[in-house]
Each structure stands twice: as C-alpha cells, then as structure tokens.
Participant: 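I have a structure here, written as structure tokens, and I will follow up with some questions on it.
Counting starts at 1 for both ligands and their atoms, in listed order. Note that the structure is a prediction, hence the values are computed from the model and not measured.
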Amino acid sequence: MPDFAPFRARRAALLERMGAGIAIIPTAPERIRNRDSDYPYRFDSYFYYLTGFPEPEAALALIAGAEPKAILFCREKHPERELWEGFRYGPAAAREAFGFDDAHAFAALDETAPKLLADQPALYYAPGLDPAWDARCMRWLNEVRAQARTGVAAPGEIRDVRVALDEMRLVKDAHEIATMRRAASISADAHVRAMRATRPGAMEYEIEAELLYEFRRRGAQFPAYWPIVAGGANACVLHYRDNSQRLADGDLLLIDAGCELDGYAADITRTFPVNGVFSGPQRALYELVLAAQAAAIAQVRPGSGWNAPHDAAVKVLAQGFLDLELCSGTLDEVLEKELYKQYYMHRTGHWLGLDVHDAGDYKARGEWRPLVPGMTLTVEPGCYVRPADGVPERFWNIGVRIEDDVLVTDAGSEVVTADAPKRIDDIEALMRAAPRA
Ligand code: GLY
Ligand code: MN
Ligand code: MN
C-alpha cells in the first residue's frame, strides 16, 4: 500500500492556495517509439507530485472551497488488458490506496468535467502545455456555457495551475528530500563504479553501461537524463551524448549522469583521468574548477540570492583563467567583458527535483530569489578549452565539469552527492585500487 499522506498534504496545500475553483491536472500520455513499441512510460511531474499515482490515462480534479475534494479519473479494471500489460488499480482500489475522496473511470472525464466545472468561479489547468488539453478544457467550458439558460454559470476565470505548483515544488518536503537523498546516493555509487571500470582502450558506452547497471540494480527506474560519457575532446561538447568513442590514455573522462528514483532526479558530473593519474595541465584546470565549485557551494545558504553561487564561481574561474594565461587583462575586464565565457559558457546550476531542470522561477519581482531551506539545486561549474589561436596548447581539448546536488538547510547547505569522490587524491587512490583488466 503506498503511503499517500505526503501526496494528500500537497493536494491540501494546493487547494488552500487556490482558495476557490476547480483544478484539472492530467498525467502524461504514453508515447509510441516505433510501431507497436512505446517509450518507457513516465508520468507527468505535476500530476505525480499531487497523487503518487503511476498509471497513464489519468487525471486529477481538485475542487477548492468550504468542502475541498480530490477526485481521480483513471483506467478501469480490464482483465484482458491486464493479462497482456499488467495490473491496473481501477477507480475503486485507486481511491482507497491513494486516499482520494472520489474516483471515476478516465473514460467518464469528458462527461463528468462539465458538471464539475458548473458554477465554479475559476478553472485552473496548464494552458498551452498540450493543445489537446487546451481544446478539451475549452470544450468543457463551452458545454457549461451552453447550459446558461438552465441557471448554471461557467468559470469566469482561467488560471495557470503551474503558478502555485511551481512555488510549492521549489521547496521540498521531507518525503521528497528522503527520495532525493536515495537517488543521490545511488548516483554517487554509479560514478564510483564508472571510475573503477575506466581504463585506456575502453569504449565510452562500456562506462555508460556501468552507470545504467548501477542505477537499475539499485531500483532506480530510469536515468534522469541520458548520461554524458565524454572522453578527451568530447568533454568540450556540452551536450555530448553519442558515447561511442574509445577512451585514450592521457585523456580525461567527463561523466554527467544521475538516476531517477520514484520520480526524483539526481544530477552528478565527475571528471577524472582515463589512466587514473592527472597530468599537469589537467590538474591545473581541475583544481581551478574544484575551487570555483567550493566557492559557489559556500554561497548556498538561506537568504543568499539565486545568483550568488554563480557569481562566486565565475570570479574564481576568471582569476584562474588569468593566472593560467587563458585570458589576459585585469580581473574586472575579464568579468565585465565576460571574457571567461570563452571557457565557461553555461550557468552554475538549476533547481533539481522531479524534473532534472526542475520547476520554479529563478527571479521574483525582478530580483534573484533568496534561497530557503528545502530548496535543492545543482552546483556545476566547468571549464572547456577548445583549440584556438592564443590559447595555450597544453590546455587544448581539456573539458572539466564538477557537479553536485545541494540541499539548502537551516544551517547552510548539505551536498547530498558527496559520496562521489572529487578531490584529486581521492580519485587517484580509488582508481589505483580498482582491479585492472
Ligand atoms: N545533466 C544536465 C545538467 O547538468 O544540467
Ligand atoms: Mn545539472
Ligand atoms: Mn548534469
């Protein structure tokens, strides 16, 4: 029996934010990969956040007001389909197991929704997310309007339910934090496994297989995004995903990989030498990125603005680029003219949660959001040196990123992915101790 208490508490919180009106939140559709084969099914994050219900063809209706109500629409029991595809709860069992006030067949949604919408002041849904749902909601509204002469009124307001939900999802509750810690721990162990398996001559995809194996072996349902396993110059392709090349002695390997466990993502990057020992130039850039990351993590605490970690990382990187003669001029020039962007062109992090780039605004009323306990974010500075005139050749084709997942706590922050080694001594010791094929 699933523990539905955290999901019911989130529904109650959303109903309170709505005040009045009805919200309709569907889950994601199944998607065909080719002919009779579907992509592995993944629920919609908003729907799952509020229900914990994992099946496709489902929607949640929430009615706010003096007598708030949560109604699930889901697939009916179907012995023949269950024989082919597996168990379905059906409305009666789903209502019981997931703590809804009521449940109906999904097939009854179009007939039932106009009745539920009647006389509600507002309809909350996610306008523009899916044209089919836009059309569906408009059809329901028109059906209610068509009954005006019987005395019912259609909702006068359409509101985006994501505004409230995104705010709620920004601050994780205890149930979410516990799940994210487990996702982080599995993902950190997968990085350790990958480090131990790496050796000159291995293919990038062999290392990808080690990551996926550890995720799945530990019960994670999916990778949270496709792993990046990028040897040598491939590390300078920010979204490299071919994972098809042979790993060369003397190169670095950049791995960006995290699992999704019970809906929640981890997102870790580690960069380490294929042969287990950093060269001088690799060490110089690695230590610089690690220092930038430490400076950024030091800024993660309640009250810090969202951008403080990024600013701190950029400052350290800019000074390092000057010291290593990757940039010239003064620190102010490198910062003001954004010369550092030649080597560091992305931002230092993003919200993390049900989505790897999680829901939630980064600014509120024009100001970077202050961090509060319960927020989770990545801190992921990097440095990517492509061959170019004037760029010292010893750094060419070195790409480094170090990414951890950080929880904002009352006292400051906690790096939940700390089990994946990142100090040079620790990485080299781990790789020395790994069995060599
Ligand atoms: N792995 C995606 C990211 O780091 O943002
Ligand atoms: Mn990330
Ligand atoms: Mn990442």
Participant: If you measure from CG on Asp405 to OG1 on Thr417, what distance do you get to the nearest 0.5 Å?
Facilitator: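 The CG atom of Asp405 sits 4.5 Å away from the OG1 atom of Thr417.
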Participant: What's the separation between atom CG in Leu238 and atom CG in Asp256, rounded to the nearest 0.5 Å?
Facilitator: 10.0 Å
Participant: Does any non-hydrogen side-chain atom of Tyr362 lie less than 4.5 Å from one of Trp351?
Facilitator: yes
Participant: Does the pair Lys363/Asp361 count as a salt bridge with the N-to-O cut at 4.0 Å?
Facilitator: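 So Lys363 does not pair with Asp361 through a salt bridge.
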Participant: Would you say the side-chain atoms of His191 and Asp419 include a donor-acceptor pair closer than 3.5 Å?
Facilitator: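 Not at all, the side chains of His191 and Asp419 share no donor-acceptor pair under 3.5 Å.
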Participant: Do Thr179 and Asp262 get their side chains close enough for a donor-acceptor pair, meaning under 3.5 Å?
Facilitator: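 Side-chain D/A pair, Thr179 to Asp262: absent.
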Participant: To the nearest 0.5 Å, how far apart are CG in Asp242 and OH in Tyr240?
Facilitator: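 Between Asp242 CG and Tyr240 OH, I get 5.0 Å after rounding to 0.5 Å.
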Participant: With rounding to the nearest 0.5 angstrom, report the CD to OH distance, Glu55 to Tyr41.
Facilitator: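 Glu55 CD to Tyr41 OH: 9.5 Å, rounded to 0.5 Å.
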Participant: What does the 4.0 Å heavy-atom contact list look like for ligand 1?
Facilitator: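 Tyr225, Asp256, Asp267, His350, His357, Glu380, Glu403.
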Participant: If you measure from the Lys or Arg side-chain nitrogens to the Asp or Glu carboxylate oxygens, is any gap between Arg136 and Asp110 under 4.0 Å?
Facilitator: yes
Participant: What number of protein N, O or S atoms occur at distances under 2.8 Å from the Mn ion (ligand 3)?
Facilitator: 4
Participant: Under 2.8 Å from the Mn ion (ligand 2) - does any N, O or S atom of His350 fall there?
Facilitator: yes
Participant: Do NZ/NE/NH1/NH2 and the carboxylate oxygens of Asp101 and Arg11 come within less than 4.0 Å?
Facilitator: no
